[in-house]
Visitor: 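Structure provided below as structure tokens; questions to follow.
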Amino acid sequence: MIEPLLVSSSLLIGKEMFTQTITTTTKNIYNGIDKILLNDNVQFKKILDDLDITIKLDIIHTFILELHNDTKLFNETVTKTFNYLEEILKIIEQEIENINNEIIKHNEKWFSRFRFSNCPNMLVKLINHIKILDNRFELLIKLIKI
């Protein structure tokens with residue numbers, strides 16, 4: 001009798017931690033994007049606009065919070081999908097932080113306006129990971145429809 005109670009309570013605690021982690025991660029991504037945009041680099045702004053990342057994050061975050069309240073939808077498959085969404089969001093968060101650090105380091109260099117930074121390579125990785133985020137979110141939507 002205690003075993004089902006333990007399983008359901010661990011799922012509840014897992015859901016709570018997941019939603020809190022997603023909320024923290026999305027806030028950090030928003031802050032990182034704001035820092036990138038403060039740099040006044042047209043290339044960064046265009047890429048971030050093309051990726052439409054802030055809108056995607058807002059929708060994903062809101063969707064996850066709404067699902068959090070619907071206990072019927074949580075099963076092992078959906079939980080795994082949430083974990084993979086969390087994983088890619090943390091990777092995106094780290095990449096945006098790395099881009100911001102690279103911008104700072106590059107701007108401190110002598111003749112930084114005439115030098116190339118490593119940011120274009122970093123942006124390619126960010127673009128690829130945002131595509132993965134899109135695919136994982138689409139998968140979650142499909143799983144919920146089942």
Side-chain angles (χ1 to χ4, degrees), residues 7-146:
V7 170
S8 64
S9 65
S10 67
L11 276 175
L12 182 64
I13 291 170
K15 277 177 32 176
E16 290 292 331
M17 288 182 66
F18 173 76
T19 352
Q20 186 172 8
T21 302
I22 291 293
T23 301
T24 304
T25 303
T26 52
K27 283 181 184 179
N28 291 341
I29 293 172
Y30 285 136
N31 291 337
I33 289 171
D34 286 343
K35 287 179 187 177
I36 291 172
L37 293 176
L38 286 174
N39 188 40
D40 288 334
N41 186 315
V42 177
Q43 178 190 13
F44 291 142
K45 181 164 177 34
K46 177 165 179 9
I47 289 173
L48 291 174
D49 283 346
D50 289 346
L51 290 173
D52 201 21
I53 189 169
T54 53
I55 302 301
K56 285 178 191 176
L57 285 175
D58 186 37
I59 291 169
I60 290 171
H61 183 254
T62 305
F63 187 78
I64 288 171
L65 290 178
E66 288 174 357
L67 277 183
H68 175 72
N69 296 326
D70 192 351
T71 55
K72 298 182 295 187
L73 292 176
F74 270 83
N75 58 33
E76 189 174 338
T77 308
V78 172
T79 304
K80 281 184 179 184
T81 309
F82 278 156
N83 290 335
Y84 292 130
L85 268 172
E86 178 184 358
E87 175 188 301
I88 197 67
L89 283 169
K90 286 183 177 186
I91 290 170
I92 291 170
E93 175 188 22
Q94 184 62 50
E95 287 180 350
I96 288 175
E97 184 180 327
N98 291 343
I99 290 170
N100 277 315
N101 290 337
E102 175 66 22
I103 290 170
I104 291 168
K105 281 195 316 188
H106 182 75
N107 288 339
E108 290 174 349
K109 292 180 181 178
W110 287 53
F111 305 109
S112 61
R113 292 182 183 250
F114 303 108
R115 299 177 129 185
F116 293 105
S117 73
N118 194 26
C119 286
N121 296 333
M122 297 170 124
L123 286 170
V124 168
K125 289 169 76 174
L126 178 64
I127 290 168
N128 289 334
H129 285 112
I130 289 177
K131 287 178 185 175
I132 292 171
L133 174 68
D134 291 343
N135 292 336
R136 290 183 183 178
F137 187 64
E138 285 178 30
L139 179 63
L140 175 65
I141 300 293
K142 289 176 185 175
L143 287 171
I144 290 174
K145 285 183 181 180
I146 296 177

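Keep in mind it's a predicted model, so treat the numbers as computed, not measured. One is the number of the first residue; the rest follow in order along the sequence.
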Visitor: Looking at CD1 of Ile36 and CD of Glu97, how far apart are the two atoms once the value is rounded to the nearest 0.5 Å?
Guide: 10.5 Å

Visitor: Exactly one of Thr26, Asn98, Asn28 should register a side-chain hydrogen bond (donor to acceptor under 3.5 Å, both in side chains) with Glu93. Which one does?
Guide: Asn28

Visitor: In the structure I gave you, are the side-chain heavy atoms of Thr81 and Arg136 within less than 4.5 Å of one another anywhere?
Guide: no

Visitor: Which atom pair, heavy atoms only, marks the closest approach of His61 to Ile22?
Guide: CD2-CG2, 3.9 Å

Visitor: Could you check Thr54, Asp34, Ile96, Thr24 and say which one makes a side-chain contact (heavy atoms from CB on, under 4.5 Å) with Ile29?
Guide: Ile96

Visitor: I need the Ile33 CD1 to Leu48 CG distance, nearest 0.5 Å.
Guide: 5.5 Å

Visitor: When you measure from the side chain of Thr62 to the backbone of Ile59, do you find a donor-acceptor pair of N or O atoms at a distance under 3.5 Å?
Guide: no

Visitor: Could you tell me the separation between the CD1 atom of Ile130 and the CD1 atom of Ile47, rounded to the nearest 0.5 Å?
Guide: 10.0 Å

Visitor: State, yes or no, whether a side-chain contact exists between Ile132 and Ile91 at a heavy-atom distance under 4.5 Å.
Guide: no

Visitor: Considering residues, nucleotides and ligands other than Lys56, do more than 12 of their heavy atoms fall under 6.0 Å from its NZ?
Guide: yes

Visitor: Which atom pair, heavy atoms only, marks the closest approach of Leu57 to Tyr30?
Guide: C-OH, 3.5 Å

Visitor: Enter the distance from Ile103:CD1 to Lys105:NZ here, rounded to the nearest 0.5 Å.
Guide: 12.0 Å

Visitor: First locate atom CG of Leu85, then atom NZ of Lys80, and finally report the distance between them rounded to the nearest 0.5 Å.
Guide: 14.5 Å

Visitor: Any side-chain heavy atom of Leu139 within less than 4.5 Å of one from Asn135?
Guide: no

Visitor: Heavy atoms, side chains only, cut-off 4.5 Å: are His129 and Leu133 in contact?
Guide: no

Visitor: Nearest 0.5 Å, what's the CD-OG1 distance between Gln20 and Thr25?
Guide: 10.0 Å

Visitor: Any donor-acceptor pair under 3.5 Å linking the side chain of Lys90 with the backbone of Thr21?
Guide: no

Visitor: Check this for me: Phe137, atom CZ, are more than 12 non-hydrogen atoms of other residues, nucleotides or ligands nearer than 6.0 Å?
Guide: yes

Visitor: State, with a plain yes or no, whether a side-chain heavy atom of Leu140 is found less than 4.5 Å away from one of Ile60.
Guide: no

Visitor: Taking all non-hydrogen atoms of both residues, which atom of Asn100 and which atom of Gly32 are closest, and how far apart?
Guide: ND2-O, 3.0 Å

Visitor: Evaluate the side-chain proximity of Phe82 to Leu67: yes if any heavy-atom separation is below 4.5 Å, no if none is.
Guide: yes

